[in-house]
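Structure record follows, encoded as structure tokens.
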There are 2 protein chains.
Amino acid sequence: MIDHVNTQRKAPIGRPRGFDVEKALDQAMRVFWEQGYEGASLTDLTNAMGISRTSMYAAFGSKEDLFHQALQRYTDGPAAYVPRALEESTAWQVATAFLNGSVRATTSPGCPAGCLGVQGSLAAGEAGLSARDTLAAWRDNGISLLRERFQRAVDEGDLPAGTDPGLLARYLMTVANGIAVQAAGGATRDDLHMVADMALRHWPRT
Amino acid sequence: MIDHVNTQRKAPIGRPRGFDVEKALDQAMRVFWEQGYEGASLTDLTNAMGISRTSMYAAFGSKEDLFHQALQRYTDGPAAYVPRALEESTAWQVATAFLNGSVRATTSPGCPAGCLGVQGSLAAGEAGLSARDTLAAWRDNGISLLRERFQRAVDEGDLPAGTDPGLLARYLMTVANGIAVQAAGGATRDDLHMVADMALRHWPRT
DNA sequence: CCCCTTCTGTACCGAACGGTGCGGAACTGC
DNA sequence: GCAGTTCCGCACCGTTCGGTACAGAAGGGG
């Protein structure tokens with residue numbers, strides 16, 4: 001607020017940055033996605049980002065900070081199918097869009113197989129505990145978003161009265177997480193689309 | 001074959017081993033289960049096993065060999081619910097026993113949360129690629145066992161003609177893998193039992 | 001022009017990594 | 001007792017880990 005004028009300043013004093021922060025963050029996201037938090041070394045990361053260790057620390061803070069920012073970019077990018085799915089007009093459409101989106105995102109050609117929010121740090125030693133907890137909270141947040149959407153669907157009569165929105169939400173997230181594991185193991189998009197269809201076959205209807 | 005007499009020899013020459021190989025393997029299995037292949041250091045492992053690095057290398061070969069033997073012990077121990085489920089008399093009972101067993105195994109008090117076959121090495125750097133591939137093959141083998149069992153059920157008329165045994169098998173493994181991820185993130189046994197029930201609600205019947 | 005700020009490349013830090021050489025301890029067979 | 005064999009604890013190997021000190025390069029403000 002005080003320095004609102006600074007938001008318009010195009011050329012801050014000092015030597016300008018020699019790389020594109022968002023492009024570098026994209027590359028870091030890919031490395032974390034492919035190798036996990038612990039499996040991605042600073043050397044792997046900075047090589048992929050095309051910058052030196054010093055520049056990385058100056059721009060992002062630490063490996064853990066970089067991971068958080070890469071996860072945010074993942075949320076806004078490859079995982080953007082989640083908020084899109086929540087905007088569908090019926091609970092059935094939300095569920096379908098969510099699972100189909102997860103299949104697409106975890107088997108996208110040119111991207112690592114699987115989901116950063118799952119394989120980024122599922123089990124870890126001491127160094128990766130923070131990342132592990134961050135991702136567990138990230139997945140829980142996804143469940144909460146789904147639950148709130150399904151609660152609304154119950155309230156609106158879009159889902160049968162007495163339906164448990166929390167159970168539906170956790171069920172969908174569980175299937176999506178399983179899809180991510182299968183994708184990481186090499187399952188094809190067609191395989192997983194059939195699995196997603198099967199998981200939706202018994203969806204409650206009014 | 002040649003040394004079948006040796007199988008009866010109780011006291012081999014040389015200094016006897018000062019620890020129980022199977023107990024040590026159990027502890028190693030727990031560490032890999034909790035921290036993953038890359039996250040488990042030799043120090044973590046040998047401390048839990050109660051032996052020195054030298055003894056570990058002499059008895060098990062290398063960290064990777066130790067992991068393979070720990071996975072075998074996991075297969076025979078905590079994951080023994082899989083072959084038990086396959087022996088159930090109907091496909092429905094097989095599926096129910098498989099998912100309920102996976103819920104129990106991934107939320108067993110006194111054991112790490114989740115499944116070694118999933119979180120042992122899902123995404124990894126160069127050092128963990130072999131373990132990652134081993135676990136992917138381990139999961140694929142589980143799918144194959146289920147598929148063969150369901151093929152038999154189709155042949156016997158226990159499942160409707162035209163049912164795809166491979167799809168059922170992959171579907172169940174996907175749900176089980178999702179359950180493992182959720183368990184690793186702190187989901188309770190009750191939560192996951194309800195998820196498993198929901199996943200079985202639309203099971204094909206004759 | 002010089003000063004100040006910011007960014008970058010190199011070279012390096014202590015710690016931890018997986019793995020091993022070696023001398024001594026503990027056992028069997030003679 | 002003495003050789004032969006196996007196991008164990010300690011100290012150590014080279015490498016890599018995440019993170020940083022420092023000096024020079026590249027920009028703006030006066």
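All chains are named by letter (A, B, ...) in the order of the sequence lines, taking the proteins before the strands, and each is independently numbered beginning at 1.
Separating the OH atom of Y57(A) from the P atom of dA21(D) is a distance of 12 Å, rounded to the nearest angstrom. Here dT20(D) presents its P atom at 14 Å from NZ of K63(A), a figure rounded to the nearest Å. Rounded to whole Å, the distance from CD on E64(B) to P on dG18(C) is 13 Å. Residue L42(B) contributes atom CG, which lies 18 Å from atom P of dG14(D) at whole-angstrom precision. Per the geometry, CZ belonging to F60(B) stands 13 Å off C1' belonging to dC7(D), to the nearest Å. Between the P atom of dG18(C) and the CG atom of L66(B) lies a distance of 11 Å, rounded to the nearest Å. Distance, M56(A) CE to dC17(D) P: 13 Å, rounded to whole Å.
For the OP1/OP2 pair of dC17(C) and a distance below 4.0 Å, the side-chain nitrogens and oxygens of T43(B) include at least one atom meeting the criterion.
Checked by atom type, the side-chain pair D155(B)/Q151(B) shows a donor-acceptor distance below 3.5 Å. Counting only N and O atoms by type, the side chains of T188(B) and D191(B) include a donor and acceptor under 3.5 Å apart.
Considering every non-hydrogen atom in both V103(B) and A196(B), the closest pair reads CG2-CB, 4.1 Å.
Environment of CZ in R189(B): crowded, with over 12 heavy atoms of neighbouring residues, nucleotides or ligands closer than 6.0 Å. Counting non-hydrogen atoms of neighbouring residues, nucleotides and ligands closer than 6.0 angstrom, the CD atom of E126(A) reaches no more than 12 such neighbours.
Side-chain atoms of F19(A) and V21(A), non-hydrogen and from C-beta on, do get closer than 4.5 Å to each other.
Contacts of residues 30-41 of chain A with DNA chain C (heavy atom under 4.0 Å): none.
Between G61(A) and D44(A), the one whose closest nucleotide on DNA chain D sits nearer the 5' end is D44(A).
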Counting primed atoms, P, OP1 and OP2 as sugar-phosphate and everything else as base, the B/S/- map of nucleotides 3-11 of chain C against protein heavy atoms under 4.0 Å is --BBBBBB-

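The pair E87(B)-R149(B) fails the salt-bridge criterion, with no side-chain N (NZ, NE, NH1 or NH2) lying under 4.0 Å from an Asp/Glu carboxylate O. The pair E148(B)-R152(B) fails the salt-bridge criterion, with no side-chain N (NZ, NE, NH1 or NH2) lying under 4.0 Å from an Asp/Glu carboxylate O.
Residues passing the side chain to side chain contact (heavy atoms under 4.5 Å, CB included) test with A91(A), sequence neighbours excluded: F150(A), A153(A), D158(A), L159(A), W203(A).
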